[in-house]
Each structure stands twice: as C-alpha cells, then as structure tokens.
Amino acid sequence: MAKKNIFTDAFGTPYFLKRLIIFILGIVSYRRFNGFNKLKITGTEHLVDLPDSNVLFVSNHQTYFADVAAMYHAFCSVNNGYLNTIKNPIYLLNPKIDFYYVAAEETMNKGILPKIFKIAGAVTVKRTWRAEGKNVNRMVDMSEVDNIMKALDNGWVATFPQGTTSAFAQGRRGTAKLVKNQRPIVIPIKINGFRRAFDKKGLRVKVTGVKPTMEFKPPLDIDYDNENAHEILHKIMTAIEQTEDFNLLHHYDEELKAKKSEQKDS
C-alpha cells in the first residue's frame, strides 16, 4: 500500500495544503465551539500514548461536518499537549495532519465547501443501502475498503458505524468487519448536543448557549481471534451508547404499549 512521505500524505495530498486548510477551517469554526457554544471535551488523556497509525475512532453522528470539525480541534489540541480543552487555538499552527475520516461520497461532492473539507482528510465511500434519498442495494466497492485500510496504515481514522445522523440507527457490519481484519486500536467517541446547536449539515449555528459534549472513551477490549463481527459491532454500538438500552424514548414507548395492553385485558 502507498505510504506517506515528508511532503504528502498517503493519498498524495501535499501536507502544506492540508495544514493551510485545517488552519483556515479551524479559525472559521473556532467560535462555534468556544464562543457561540462551549464544547466540553473529556477523555483525551486516552489519546496521549496512542501510536501514529492503525487507530480507529468510532463515533455516533449528529451533523455532517460539525462532528468532524470538533474532532480536528480536539486532535490538534492534544497534538500540542493540551488535554480536554480547545481554549488555546494556537494548536492550529501545528495540526494533526495524518487524521482521516470516512464520509459518504454523495455528501462530499455537494458544493465547494464539502470539497474543501474533503482535501483535509476525507476517505469517501458510496453508501450500499441509500443514495440520493432512495433505498438501494449495491455491493461494497473493495477499492474504498482498501482506501480506509491505507488511511489506517498511515494515520488515525474516524468512522461513523451508523452511516447516518439519525439517533439509534442500526450499526453497519462493515465497520466491524474492518476492525476484525485490520485489528486497529478502537477508541469510542460519544457526542451529544451537536444536533441541537447546529443545523443538519453542521455549518450553521442553530442555537447559541448550548454546551455540546465530546467524550473519548478508553480503547475497546476486543478479542480479535475469538469475537466475530456481530459481537464486535455490538461492543462498538454499546460503547458509543447507540443501542436500544440507551434509548429512553424507546423504553417509554414500550412501557406505554404495555400499559395499554393491560388496560385492554382488564
């Protein structure tokens, strides 16, 4: 597989261009996370001693771009020795440049701004179950899987197992299969409040005074030899708190159904 060098990343993007884009987007987005709203970050102590490659971050997803932008701020801050804070934006002068994120190709090709985000480190994939607002059923493009593995071989990668911003959506087994085959260090991220603070794209501040949270959890304990993809996926979805056990509305609906059933029987 391709390797990065002192001038370009694993996909041939010049580092000077990535640094420039991360710096500009970081400055533009900074007040969204430490001004209009106050992002609370916890658990970045788990990132300090991680290796430079084969680290996979798995996260729930609430907006198209704000989630990833906040991760860039957190990673750049940790890269400069600041833990659980983004109060000193000087970290943008020395960004974490070997960081990639998995994104839907359809999303990253809509407009100029997403294409700029794409240069910063997007590894694009075509959704196998949905495209252009319609349900589809297509095979996984193995070249896209190779690109994710290439990114892991050369840096850190963030992915969203649900593949959608909908809360408590089903996790996709492709993430678990990748984990099973590549055997990365897996760091769960739990985010909250982004959906309330920003619009769906994550480009516009919807409400001010919100305190979104981003929690980095300890690496998952995965038995790569004995756990199957289903077990790994369940472990991931539990860690990012997206199983039905965490869905309070689901529990309320179930209790309501049970009460109605009792009333009918009585």
Side-chain angles (χ1 to χ4, degrees), residues 1 4 10 41-62 67-79 83-84 96-104 121-125 128 140 142 144-165 167-192 194 213-246:
M1 287 191 177
K4 61 187 178 182
I41 303 174
T42 57
T44 55
E45 63 273 11
H46 301 304
L47 313 184
V48 175
D49 296 320
L50 292 176
D52 293 332
S53 62
N54 208 33
V55 178
L56 182 69
F57 295 88
V58 291
S59 177
N60 62 314
H61 203 18
Q62 294 193 342
D67 308 7
V68 173
M71 290 178 193
Y72 268 106
H73 279 284
F75 293 145
C76 292
S77 186
V78 171
N79 195 50
L83 298 182
N84 297 327
K96 175 73 176 175
I97 51 177
D98 287 314
F99 166 62
Y100 307 90
Y101 60 97
V102 180
V123 181
T124 59
V125 297
T128 58
V140 174
M142 294 310 297
E144 296 173 347
V145 177
D146 288 341
N147 284 337
I148 299 174
M149 293 177 67
K150 183 194 296 184
L152 278 169
D153 283 338
N154 290 275
W156 293 0
V157 176
T159 189
F160 305 94
Q162 293 162 290
T164 176
T165 57
F168 303 104
Q170 179 181 356
R172 300 289 165 178
R173 293 190 67 183
T175 299
K177 290 179 179 178
L178 177 70
V179 170
K180 177 77 173 176
N181 294 332
Q182 187 73 6
R183 300 191 173 198
I185 296 173
V186 180
I187 306 288
I189 304 175
K190 173 64 172 67
I191 66 171
N192 196 25
F194 284 74
T213 61
M214 177 170 285
E215 178 187 0
F216 293 88
K217 297 188 177 183
L220 289 183
D221 182 13
I222 300 174
D223 185 343
Y224 292 106
D225 293 320
N226 297 309
E227 290 183 357
N228 59 36
H230 177 76
E231 293 169 324
I232 292 173
L233 181 60
H234 180 72
K235 189 170 287 188
I236 289 172
M237 298 303 291
T238 300
I240 64 175
E241 300 180 19
Q242 288 297 297
T243 63
E244 289 297 344
D245 293 337
F246 295 95

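Side chains are part of it too, since the values below use all heavy atoms of this structure and drop only hydrogens, waters and symmetry mates. What you are looking at is a predicted structure, and each value in this text was computed from that prediction instead of being measured.
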- Take D98 and D52 through the side chain to side chain contact (heavy atoms under 4.5 Å, CB included) test and state the conclusion after the steps. CA-CA 8 Å; D98 287 314; D52 293 332; over 6 Å; no
- I189/D67 under side chain to side chain contact (heavy atoms under 4.5 Å, CB included): CA gap, chis, key distance, verdict: CA-CA 10 Å; I189 304 175; D67 308 7; over 6 Å; no
- Task: List the steps and the verdict of side chain to side chain contact (heavy atoms under 4.5 Å, CB included) for K180 and N228.
- Result: CA-CA 8 Å; K180 177 77 173 176; N228 59 36; 5.7 Å; no
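More than 12 heavy-atom neighbours from other residues, nucleotides or ligands sit within 6.0 angstrom of CG on D223. Atom CG of D221 sits in a sparse spot, with 12 or fewer heavy atoms from other residues, nucleotides or ligands closer than 6.0 Å. The neighbour count for Q170 CD, taken as heavy atoms of other residues, nucleotides or ligands under 6.0 Å away, does not exceed 12.
One distance of note links OG1 of T238 with CG of L233; it measures 9.0 Å at 0.5 Å rounding. Note that CZ of F194 is 7.5 Å distant from CD of Q62, once rounded to the nearest 0.5 Å. From K150, atom NZ reaches atom OH of Y100 across 9.5 Å, with rounding to the nearest 0.5 Å. Within the model, atoms CZ of R172 and NZ of K177 stand 12.0 Å from one another, a figure rounded to the nearest 0.5 Å. The CG atom of N60 sits 4.5 Å away from atom CD of Q242, with the distance rounded to the nearest 0.5 Å. Here CG of L178 is found 7.0 Å from CE of M149. Values are rounded to the nearest 0.5 Å.
At a threshold of 4.5 Å between non-hydrogen side-chain atoms, the residues L56 and L152 count as touching. Residues S59 and M71 meet the side-chain proximity criterion, which asks for heavy atoms closer than 4.5 Å. Looking at heavy atoms from C-beta onward, I187 lies in side-chain contact with P219 at the 4.5 angstrom threshold. Using a 4.5 Å heavy-atom threshold, the side chains of I185 and P51 count as touching. Using a 4.5 Å cut-off on side-chain heavy atoms (C-beta onward), M214 and H73 make no contact. Between T124 and E144 there is no side-chain heavy-atom pair separated by less than 4.5 Å. Between I236 and V179, the closest side-chain pair of non-hydrogen atoms falls below 4.5 Å. Between I240 and K217, the closest side-chain pair of non-hydrogen atoms is not below 4.5 Å.
Under the 3.5 Å distance criterion, with hydrogens and angles disregarded, a donor-acceptor pair is assigned to the side chains of T44 and N84.
When every heavy atom of M237 is checked against every heavy atom of P161, the shortest pair comes out as SD-CB, 4.1 Å. When all heavy atoms of A229 and R173 are compared, the closest pair comes out as CB-NH2, 3.8 Å. Between F168 and E244 the shortest heavy-atom distance is O-OE2, 4.4 Å.
Without hydrogens or angle criteria, N192 side chain to T213 main chain gives no donor-acceptor distance under 3.5 Å. No side-chain donor-acceptor contact under 3.5 Å links W156 to the backbone of Y101. Between the side chain of E227 and the backbone N or O of I222, no donor-acceptor pair lies under 3.5 Å. When atom types are taken as modelled, the side chain of Y72 and the backbone of K96 share no donor-acceptor pair closer than 3.5 angstrom. Looking only at distances, no side-chain donor or acceptor of N154 sits under 3.5 Å from a matching main-chain atom of A10. With hydrogens and angles disregarded, a donor-acceptor distance shorter than 3.5 Å links the side chain of N54 to the backbone of R183.
Below 30°, between 30° and 60°, or above 60°: for F57 and F216 the angle between ring planes is above 60°, a perpendicular geometry.
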